[in-house]
Amino acid sequence: MNKLTNIITLLIATVIALVLSACSNITASDAASNRYAIVIGVGVSTAGNCAFADKDAYKMAALLTTKGWKLNATGYQQLISSTSSEMQTVNEPTKTNIQLAISGFNSVSSDATVLVFYSGHGYSGNGYLVPSDASTLSDCISPAMLTQWMGALPCKNKILILDSCYSGAFIDTGSSIDASPQNSNTLSGTSESGVFTTAIENLSSLISKSISEYGDPDVLTISACGSDEESYGSYDLEEGVFTYYLLQAASSGDSDGDGYVTTTEAYTYAKKRIKVKWNTSAFGEALLPHISGGTGDLVLYVNN
Amino acid sequence: MRSNCRTAKIIAVCLLLGAFPILSFAQEAKATRIATPLSFRGDFSAAGLVVPSENDLDGRPLLAAAGLSLGLGAELRAGQWIPIRSQLSYYSTGRSAVDESLFLYRAFLGWRWALETGYGFKIGKLELDLLGGGAISASEYAGTALVSAYYSLVAEPRLLIPVPLNKMPGFAITASLPFEYMWRGSTRSFATGLSAGVSIPLGKGAAQ
């Protein structure tokens, strides 16, 4: 009996040690210093102006700077076109300039993080991003194109945030299935497909994806809306609806109170607020943000 | 390659855990040639877990998370042998620790169905069961509508501590160390911890 007691005690001690090691975490002051952001706001374009895109970009740039993101490493990280007398155009967000801005980080270290934020038009039906000099579809930026530009970066950590119409087309769900519809107008009330039901209905394909060692998507992406719906700006909020709540998530989105607002936490916060505050009174302008799949997540805001 | 070697080792350990009770039962049956009584037991348990995850394919580090699970099980017993045990569990794993580049693994939660086999060893009034098998899980990433499914290997040494109750003969408290190795796409997760619960005989004449 003594031997058994000793064995059980040793096993329990081992498990406790594992638990304690699991609790280890870096402090907010140890946060990575090599985090770079590119903020794009196409308020003015050949294809037509986009209300609030410039303001979205300026506000996001200001917030990211306070949260430790570097926006002045290359001098080419804010690309904003604006007609406002209060906001100037900075580095015209043409297709070429956007590509140059991203490729400007081709020599960062593998543990760096590059974030790209875009607010502007998304081309009807396919979500292509519309730069300021775009007049035809071939002038726009497709998901494949943007994936290629960001995929060429040597860093493992990449975040893409899109506040534009049909931006769900940029979402890669990896080995998961998205139970949210691509058009929230198909929702009954505010509830999405039962998660458990979706899992059971697609069990064999989900298992085969799991077996095939499906890697996580290369870029962690959050979009303002599905691939079959538009995103909106609000004259009351004076911003894009999605960006407004994403900015608010910096102070209110830390669901576990650990000082970090992860990209998934920020997405969850923005989605909940949109469903409750915007969609319930949107009168046909409902939207539902989406997020890419994969087991990994990245911290978006560090709150010291 | 490294991932395949690790996987092979895990499979080998689980086969060993599963083979030992089968060999022991065969030996005992051959020695005694006594008809083995069949019985059923049901159980409920709760576990606190530590769940480290790693993604070699994407170059992601080993980071640990905390989790918990609640399970409802039923098993067929043939003497000391447990030919089959089925358990349905609800589990929730929190987000992992954060690495230096501010990367972490997402929180996930869902349902798991496990099928195991095993053998029990009498230690005085106690019984030590060695269980091993496989499981399928359906999960979602917390805060999202992203649904995944994956398979895993499970193993569990479990102690049955009989508690004499007049109204419920055969009632026992269980204490166990659950182990689970999960294939979640290119990410591998390993769960272990401490579990406690109750076990009761089901059906007539099942007290043992």
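A, B, ... follow the sequence lines: proteins, then strands. Residue 1 opens every chain. FYI, side chains are in, hydrogens and waters are out, and symmetry mates aren't considered; it's all heavy atoms of this structure.
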Step-by-step side chain to side chain contact (heavy atoms under 4.5 Å, CB included) determination, B/Leu102 to A/Asn157: CA-CA 9 Å; B/Leu102 300 185; A/Asn157 301 337; over 6 Å; no
From CA spacing to verdict: side chain to side chain contact (heavy atoms under 4.5 Å, CB included), B/Val147, A/Ser176: CA-CA 5 Å; B/Val147 177; A/Ser176 304; 5.9 Å; no
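- The CG atom of A/Asp216 sits 8.0 Å away from atom CZ of B/Arg106, with the distance rounded to the nearest 0.5 Å.
- Side chain to side chain, B/Arg184 and A/Thr295 fail the donor-acceptor criterion of an N or O pair below 3.5 Å.
- One distance of note links CZ of B/Phe103 with CG of A/Asp111; it measures 13.0 Å at 0.5 Å rounding.
- A distance of 9.0 Å separates CG in A/Asp297 from OG in B/Ser96, rounded to the nearest 0.5 Å.
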Worked check of side chain to side chain contact (heavy atoms under 4.5 Å, CB included) between A/Thr173 and B/Leu146: CA-CA 8 Å; A/Thr173 58; B/Leu146 293 166; 4.1 Å; yes
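- A pairwise comparison of heavy atoms in B/Ala149 and A/Leu203 identifies CB-CD1, 3.6 Å as the closest pair.
- A/Ser175 and B/Ser148 make their closest contact through O-OG, 4.4 Å (heavy atoms, listed as atom of the first residue, atom of the second, distance).
- For A/Leu300, no part lies near chain B; criterion is any non-hydrogen pair under 4.5 Å.
- When the candidates A/Thr264, A/Ile177, A/Ile200 are compared by the number of heavy-atom contacts under 4.5 Å with chain B, A/Ile177 comes out ahead.
- In this structure, chain A has no heavy atom under 4.5 Å from any part of B/Ala107.
- Summarising the geometry, atom CD1 belonging to B/Ile136 is positioned 5.0 Å from atom CD1 belonging to A/Ile207; distances are rounded to the nearest 0.5 Å.
- With rounding to the nearest 0.5 Å, the separation of NE2 in A/His290 from OG1 in B/Thr144 is 11.5 Å.
- Of the charged side-chain nitrogens involved, at least one lies within less than 4.0 Å of a carboxylate oxygen, so that B/Arg95 and A/Asp256 count as a salt-bridged pair.
- Atom CD of A/Gln148 sits in a sparse spot, with 12 or fewer heavy atoms from other residues, nucleotides or ligands closer than 6.0 Å.
- Within the model, atoms CG of A/Leu206 and OG of B/Ser139 stand 9.0 Å from one another, a figure rounded to the nearest 0.5 Å.
- Annotation: A/Lys67, atom NZ; neighbour count of heavy atoms from other residues, nucleotides and ligands within 6.0 Å is above 12.
- Here the shortest heavy-atom pairing between B/Asp58 and A/Lys156 reads O-CD, 3.8 Å.
- Neither the backbone nor the side chain of A/Ser205 comes within contact range of chain B; no heavy atom of the residue lies under 4.5 Å from a heavy atom of that chain.
- Looking at B/Tyr141, the atoms closer than 4.5 Å to chain A (heavy atoms on both sides) all sit in the side chain, from C-beta outward.
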